[in-house]
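See structure below.
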Amino acid sequence: MPELPEVETVARGLQARLQGKRLLSFTLNRRDLRKPVPPGLKNKLEGRRVEAVSRRAKYILVHLDDGGVLIAHLGMSGRLVFSDPQHPRPAEPHDHAVFGFEGGVELRLNDARRFGLLDYATESNLAAHKLFRHLGPEPLGPEFDGDLLSKLLKGKKTPIKAALLDQRVVAGLGNIYVSEALYGAGISPRRLAGTVKGERAGRLASAIRDVLTRAISAGGSSLRDYVQASGELGYFQHHWAVYGKEGEPCPDCDCRPGIKRIVQAGRSTFYCAKRQR
DNA sequence: ACGAGAACCTGTTTGC
DNA sequence: TGCAAACAGGTTCTCG
């Protein structure tokens, strides 16, 4: 489920709850996630204190007090669920890993489809790590603008929809927010990526930043209650302009038959054919 | 070299 | 109602 805004929200929630806490135990119930959980992870984690939690692309980074970094990715179905003495939760199917902290606080990684992963790196090698080496820029980073986006897209003959899903081009966008950003910028998802430049690229960069920023705000405001209610991190309600709205009227023009759904590179795309060119 | 498509998994929704 | 097919927010490998 999680794209950049959800992962950012989860990382902030973890930061608030775990910073300064010592990790006492790590239990792995199954090793075969998207890729095997590295052997020896338990020894690298137990006894360490959490210094900070951050995000890169759709990866959660837990920075430890010895320079180690726990890397977590939630794939499509991954969730992080807290359980503690005040709000205990029963163990559930697909709880693949359990992190035990001081004070009886447990954080559980639950992931039915097992497209998520756990990995480990050191602070000094982080940027060169296999998972991060090829990632494009952060769309909310200070250098991300129309000029940079034009350069990233230059010469690409794939549809802009597919290009924006490619983490080597921009890091953190997923299927929902690509549709939303293209709608916001008034750009057809079928347009060839290489033709998005100049003023059009500027509009797209702005729309990407806008859509992500608003989603993070929505997540941040709903996170507190949601965590208290259920102990889960990572799911919250959004209102989307086009995603999942096939057949509904475009919010901006009352065109018929409204929002269209097409399949590109095996994934659903939603857009308004009148507004997006 | 590049882009489209399949593959990896399980759970839920849709359609006959 | 029951069953099978389609579909799901990600990433990575293979094939043409």
Side-chain angles (χ1 to χ4, degrees), chain A residues 1-11 29-37 55-60 71-81 92-97 109-119 129-136 139 152-183 189-196 208 211-212 214-216 218-219 222 226 232-247 261-271:
Chain A
M1 100 39 158
E3 301 185 28
L4 185 153
E6 289 77 18
V7 178
E8 177 67 28
T9 301
V10 171
N29 295 325
R30 66 184 298 171
R31 192 171 288 280
D32 55 337
L33 305 186
R34 188 177 100 217
K35 60 181 210 136
V37 177
R55 175 194 62 75
R56 170 75 171 116
K58 297 169 193 167
Y59 295 90
I60 294 163
I71 303 166
H73 194 289
L74 299 177
M76 295 274 259
S77 56
R79 296 175 299 157
L80 289 168
V81 182
E92 289 184 26
H94 311 299
D95 281 347
H96 303 315
L109 172 66
N110 184 286
D111 184 3
R113 293 176 74 178
R114 282 183 283 125
F115 288 173
L117 63 80
L118 293 176
D119 205 345
H129 191 278
K130 198 172 181 210
L131 293 170
F132 303 126
R133 211 179 329 178
H134 303 293
L135 288 177
L152 292 162
L153 298 173
K154 189 168 183 182
K156 290 205 171 296
K157 296 192 175 74
T158 194
I160 185 66
K161 162 73 191 300
L164 293 178
L165 277 181
D166 186 343
Q167 303 296 298
R168 294 169 300 185
V169 175
V170 183
L173 292 177
N175 204 39
I176 292 177
Y177 294 108
V178 167
S179 275
E180 294 294 315
L182 288 170
Y183 175 78
R190 320 170 89 123
R191 172 178 282 277
L192 296 191
T195 70
V196 177
I208 289 170
V211 150
L212 296 177
R214 281 190 285 116
I216 291 170
S222 65
Y226 202 69
E232 293 181 18
L233 280 167
Y235 287 85
F236 44 86
Q237 294 297 315
H238 298 280
H239 69 281
W240 294 308
V242 291
Y243 187 82
K245 307 266 186 187
E246 182 180 17
R261 172 184 179 269
I262 59 174
V263 175
Q264 295 177 288
R267 324 228 21 215
S268 293
T269 303
F270 299 87
Y271 73 112

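In what follows, every heavy atom counts, from backbone to side chain, and hydrogens, waters and symmetry copies are set aside. In the text below, chain A, chain B and the rest are named by the order of the sequence lines, each starting its count at 1.
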Legend entry - salt_bridge(R214(A), E180(A)) N-O dist < 4.0 Å: no

Inset, instruction - With heavy atoms under 4.0 Å as the rule, sort G266(A) into base, sugar-phosphate or nothing. - result: nothing

Inset, instruction - For I262(A) and K161(A), run side chain to side chain contact (heavy atoms under 4.5 Å, CB included): C-alpha distance rounded to whole Å, both residues' side-chain angles, the deciding distance at 0.1 Å, then the answer. - result: CA-CA 11 Å; I262(A) 59 174; K161(A) 162 73 191 300; over 6 Å; no

Inset, instruction - In whole angstrom, give me the gap between the P atoms of dA6(B) and dA6(C). - result: 13 Å

Inset, instruction - Considering just the side-chain nitrogens and oxygens of T158(A), establish if one lies under 4.0 Å of OP1 or OP2 belonging to dA4(B). - result: yes

Inset, instruction - Between K130(A) and R113(A), name the one whose nearest nucleotide on DNA chain C is closer to the 5' end. - result: R113(A)

Inset, instruction - Using the C1' atoms only, state how far dG11(B) lies from dT12(C), rounded to an integer number of Å. - result: 22 Å

Legend entry - Plane angle bin for H129(A) and F132(A) - parallel if under 30°, tilted between 30 and 60°, otherwise perpendicular: tilted

Inset, instruction - Any chance you could measure Y177(A), atom OH, to L165(A), atom CG, to the nearest 0.5 Å? - result: 14.0 Å

Legend entry - Closest listed nucleotide, where the reference is the side chain of H73(A) and the choices are dA4(B), dT11(C), dC9(B): dT11(C)

Inset, instruction - Report yes if a side-chain nitrogen or oxygen of H134(A) is closer than 4.0 Å to either non-bridging phosphate oxygen (OP1 or OP2) of dT11(C); otherwise report no. - result: no

Inset, instruction - Could you state the atom-to-atom distance from CD1 of I71(A) to C1' of dT11(C) in whole Å? - result: 15 Å

Inset, instruction - Take atom CZ of F132(A) and atom P of dG10(C), then tell me their distance rounded to the nearest Å. - result: 17 Å

Legend entry - d(CG, L165(A); P, dA8(C)) in whole Å: 13 Å

Legend entry - Base of dC8(B) and ring of F115(A) stacked, centres under 5.5 Å, planes under 30°: yes

Legend entry - Distance in angstrom units between D95(A) CG and dG11(B) C1', rounded: 16 Å

Inset, instruction - Drop me the distance from L109(A)'s CG to H73(A)'s NE2, to the nearest 0.5 angstrom. - result: 12.0 Å

Legend entry - OP1 or OP2 of dA8(C) under 4.0 Å from side-chain N/O of S268(A): yes

Inset, instruction - Give a yes or no on whether a donor-acceptor pair under 3.5 Å exists between the nucleobase atoms of dC9(B), that is its base, and the side chain of R114(A). - result: no

Inset, instruction - Take A112(A) and K157(A), find for each the nucleotide of DNA chain B with the closest heavy atom, and name the residue whose nucleotide sits nearer the 5' end. - result: K157(A)

Legend entry - Length of the CG-P vector between L109(A) and dC9(B), whole Å: 17 Å

Inset, instruction - Look at the side chain of R267(A) and the base of dA8(C), then say whether one donor and one acceptor between them are separated by less than 3.5 Å. - result: no

Legend entry - Any Q167(A) side-chain N or O less than 4.0 Å from OP1/OP2 of dG10(C): no

Inset, instruction - Report the distance from atom CZ of R261(A) to atom C1' of dT13(B), rounded to the nearest whole Å. - result: 13 Å

Inset, instruction - Select base, sugar-phosphate, or nothing to describe what P159(A) touches, counting heavy atoms under 4.0 Å on all strands. - result: sugar-phosphate

Legend entry - Name of the residue among K35(A), K130(A), R34(A) meeting salt bridge (charged side-chain N to carboxylate O under 4.0 Å, His left out) with D119(A): K35(A)

Inset, instruction - Could you check how far CZ of R30(A) sits from P of dC9(B), rounded to whole Å? - result: 9 Å

Inset, instruction - May I ask which nucleotide in the shown strands pairs with dC9(B), Watson-Crick or G-U wobble, both distances under 3.5 Å? - result: none

Legend entry - Nearest-neighbour nucleotide for the Y59(A) side chain, dT12(C), dC9(B), dG10(C) considered: dT12(C)

Legend entry - Interatomic distance, L118(A) CG vs dT11(C) P [rounded to whole Å]: 15 Å

